[in-house]
*Asks:* 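Mind having a look at this structure? Questions to follow.
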Amino acid sequence: MRVNRAWLGLIVLVLPTFLVAIDMTALLLALPQLAADLGATNVQQLWISDSYGFMVAGFVITMGTFGDRIGRRRLLMIGGAAFAVLSVVAAFAIWATCQFTGGALGPVLAGFLLQHFWWGSVFLVAVPAMALLLLAGPALLPEFRSDQAGRLDLASVGLSLAAVLLMVYGIKQLTVESVPVVPAVALVVGVALGFLFVRRQLRLETPLLDLRLLRNRPFTAVLVGLTFAGIAMAGTGLLVTQYLQSVLGFSPLASAVLFAPMGLGVAVGTMAAPALSRRMKQTTVIAGGLVGSALGSLLLVGVDGAHALPLVMIGITVLALGTGPLFALGTGLVVGSVPPERAGSAASMSETGNYLGGSLGLALLGVVAAVVYRSRMDGTSDSLAGAVAASRNLPAGQGAELLHTAREAFTAGLHVTGVVAAVLFAGLAVLILTMRPATRTTPAALPDYEVTRP
């Protein structure tokens with residue numbers, strides 16, 4: 001009975017992670033319709049896509065510390081209740097103005113919902129899952145509260161969020177502002193706040209983000225790998241989902257089915273990684289996978305014309321398959337390269353790297369693609385969704401010409417994104433291969449800590 005309860009508790013525990021992944025994937029698929037309904041520019045679309053991930057990345061470590069203080073199960077229950085309530089609020093906030101279809105259970109089901117239901121469904125689907133969590137969590141999940149939990153440093157929380165958001169805002173707006181004074185100031189202020197955040201973490205006895213762990217080379221290498229792989233994957237996912245719908249003209253449901261190999265590729269790569277790691281070094285498995293991801297990214301550079309769809313399908317599948325070993329083995333390497341007393345901090349930094357990388361990918365590679373698109377359109381159109389909407393109000397010949405030009409410009413942005421992703425994956429492969437083996441660091445190697453063993 002105890003074993004069954006543990007497994008049931010695990011099922012309940014993974015619900016929030018499952019829903020977060022679903023929501024972020026569904027949002028990418030819904031973005032073309034969302035942008036058309038709201039008249040969102042390229043930069044506004046990027047904010048819609050990545051603001052969620054930035055907030056999650058900004059609060060993962062904060063909530064880890066907070067959970068140690070008030071109890072991890074209690075914090076999970078509070079968060080689950082808030083998620084359910086806010087999902088209802090979000091679903092009915094703007095339904096009359098921007099009613100369109102939503103998505104819920106992964107790319108395929110998200111496409112089905114986008115085909116048949118309004119966009120609020122993407123939030124409402126989370127409510128039953130959170131209700132199950134709230135009902136079953138107290139009975140199945142043990143509570144844990146650390147007796148040595150550090151004080152939650154609210155100043156660090158504010159500095160980290162402000163620094164990231166201001167820098168991202170500055171980078172995005174610099175691409176569209178004719179007089180870029182405000183974005184430049186925001187970027188400078190963000191960098192300054194980031195510097196203050198780093199200084200504060202290095203001085204605090206119990207920092208919000210334990211930056212001293214970065215002195216460990218294997219830890220840093222894998223953390224960089226997780227972050228930049230997230231950047232490459234999110235950026236290509238953003239462009240591919242829009243390409244399938246707005247350039248190739250597939251419906252949301254068909255696009256969801258065509259995009260599904262990206263998620264399946266990660267799953268297959270993740271499951272294959274442990275078996276491969278028994279036959280060769282983990283770093284070799286990870287680096288080999290990243291080389292494959294680079295090759296998959298390069299396939300996107302050839303996407304055009306009649307052979308566009310096969311190259312897209314093969315490209316995203318190979319790209320995703322190659323990242324599986326990194327995601328499967330990376331967290332273990334991160335945790336295994338630090339003292340046991342710092343394993344919790346290391347794991348939280350790994351999770352933050354994943355979320356931050358995904359959000360930065362949507363922001364940075366999205367900006368790169370937007371710059372390419374605007375340059376190809378000579379400033380006549382700010383986004384493909386805008387061009388599609390404008391073409392409907394033009395005579396047939398002019399509308400068709402505008403659509404053709406806009407789709408070519410967007411495709412050029414996809415090509416550039418593929419090159420950038422390939423460079424990132426290749427660089428990460430070299431980084432992983434050149435790092436030292438991830439051996440657990442002894443406390444003596446970290447003189448800044450006072451380690452107390454149980």
*Asks:* Surrounding CZ of R407 (heavy atoms of other residues, nucleotides or ligands, distance under 6.0 Å), is the total greater than 12?
*Replies:* yes
*Asks:* How many angstroms lie between CG in L431 and OG1 in T283, if you round to the nearest 0.5 Å?
*Replies:* 11.0 Å
*Asks:* Looking only at heavy atoms, which two atoms of G330 and V222 are closest? And how far apart?
*Replies:* O-CG1, 3.3 Å
*Asks:* Please give me the minimum heavy-atom distance between L166 and A186, naming the atom from each residue.
*Replies:* CB-O, 3.6 Å
*Asks:* Please give me the minimum heavy-atom distance between A273 and A328, naming the atom from each residue.
*Replies:* CB-CB, 3.8 Å
*Asks:* Is there a side-chain contact between S277 and L329 in this structure, where contact means two heavy atoms from C-beta onward sitting under 4.5 Å apart?
*Replies:* yes
*Asks:* With rounding to the nearest 0.5 Å, note down the distance linking CG in L154 to CG in L159.
*Replies:* 11.0 Å
*Asks:* Tell me which one of T323, L326, L295 satisfies side-chain contact (heavy atoms from CB on, under 4.5 Å) with F425.
*Replies:* T323
*Asks:* Just so I know, are the side chains of L364 and V368 near enough to count as touching, which here means a heavy-atom distance under 4.5 Å?
*Replies:* no
*Asks:* Quick one: do L365 and L239 satisfy side chain to side chain contact (heavy atoms under 4.5 Å, CB included)? Show the steps, please.
*Replies:* CA-CA 9 Å; L365 294 190; L239 270 293; 5.7 Å; no
*Asks:* Hey, could you give me the OG/CD distance between S160 and Q201, rounded to the nearest 0.5 Å?
*Replies:* 8.0 Å
*Asks:* For side chain to side chain contact (heavy atoms under 4.5 Å, CB included), just list the numbers for L414 and V240, CA-CA rounded to whole Å, side-chain angles, deciding distance to a tenth of an Å, and then say yes or no.
*Replies:* CA-CA 7 Å; L414 176 62; V240 167; 4.2 Å; yes
*Asks:* Does the side chain of L311 reach to within under 4.5 Å of the side chain of L300, using non-hydrogen atoms?
*Replies:* no
*Asks:* To the nearest 0.5 Å, tell me how far I432 CD1 sits from Q282 CD.
*Replies:* 11.0 Å
*Asks:* Would you give the length of the straight line joining atom CG of L428 to atom CD1 of I286, rounded to the nearest 0.5 angstrom?
*Replies:* 11.0 Å
*Asks:* Looking only at heavy atoms, what is the nearest atom pair of A163 and G190, with distance?
*Replies:* CB-O, 3.5 Å
*Asks:* Provide the closest heavy-atom pair for G418 versus V301 in the form atom of the first, atom of the second, distance.
*Replies:* C-CG2, 4.2 Å
*Asks:* Is it the case that the side chain of S375 and the backbone of V372 share a donor-acceptor pair, with hydrogens and angles ignored and the cut-off at 3.5 Å?
*Replies:* yes
*Asks:* Passes side chain to side chain contact (heavy atoms under 4.5 Å, CB included), M233 versus F327? Steps please.
*Replies:* CA-CA 12 Å; M233 286 195 69; F327 294 130; 3.5 Å; yes
*Asks:* Classify the ring geometry of Y373 against F410: parallel below 30°, tilted from 30° to 60°, perpendicular beyond 60°.
*Replies:* perpendicular
*Asks:* Hey, are the side chains of M262 and T317 touching, using non-hydrogen atoms and a 4.5 Å cut-off?
*Replies:* no
*Asks:* For V303, does its backbone N or O pair with a side-chain atom of H415 as donor and acceptor, under 3.5 Å?
*Replies:* yes
*Asks:* For the residue pair L384 and V247, establish whether any side-chain heavy-atom pair is separated by less than 4.5 Å.
*Replies:* yes
*Asks:* Are any non-hydrogen side-chain atoms of V318 and S293 less than 4.5 angstrom apart?
*Replies:* no
*Asks:* Measure across V285 and P325 and return the closest heavy-atom pair with its distance rounded to 0.1 Å.
*Replies:* CG1-CB, 3.6 Å
*Asks:* Apply side chain to side chain contact (heavy atoms under 4.5 Å, CB included) to the pair F250 and L309, showing each step before the final yes or no.
*Replies:* CA-CA 11 Å; F250 288 102; L309 183 59; 3.7 Å; yes
*Asks:* Compare all side-chain heavy atoms of R217 with those of T434 and state whether any distance is below 4.5 angstrom.
*Replies:* yes
*Asks:* Would you compute the distance between atom CG of L161 and atom OG of S156 and round it to the nearest 0.5 angstrom?
*Replies:* 11.0 Å
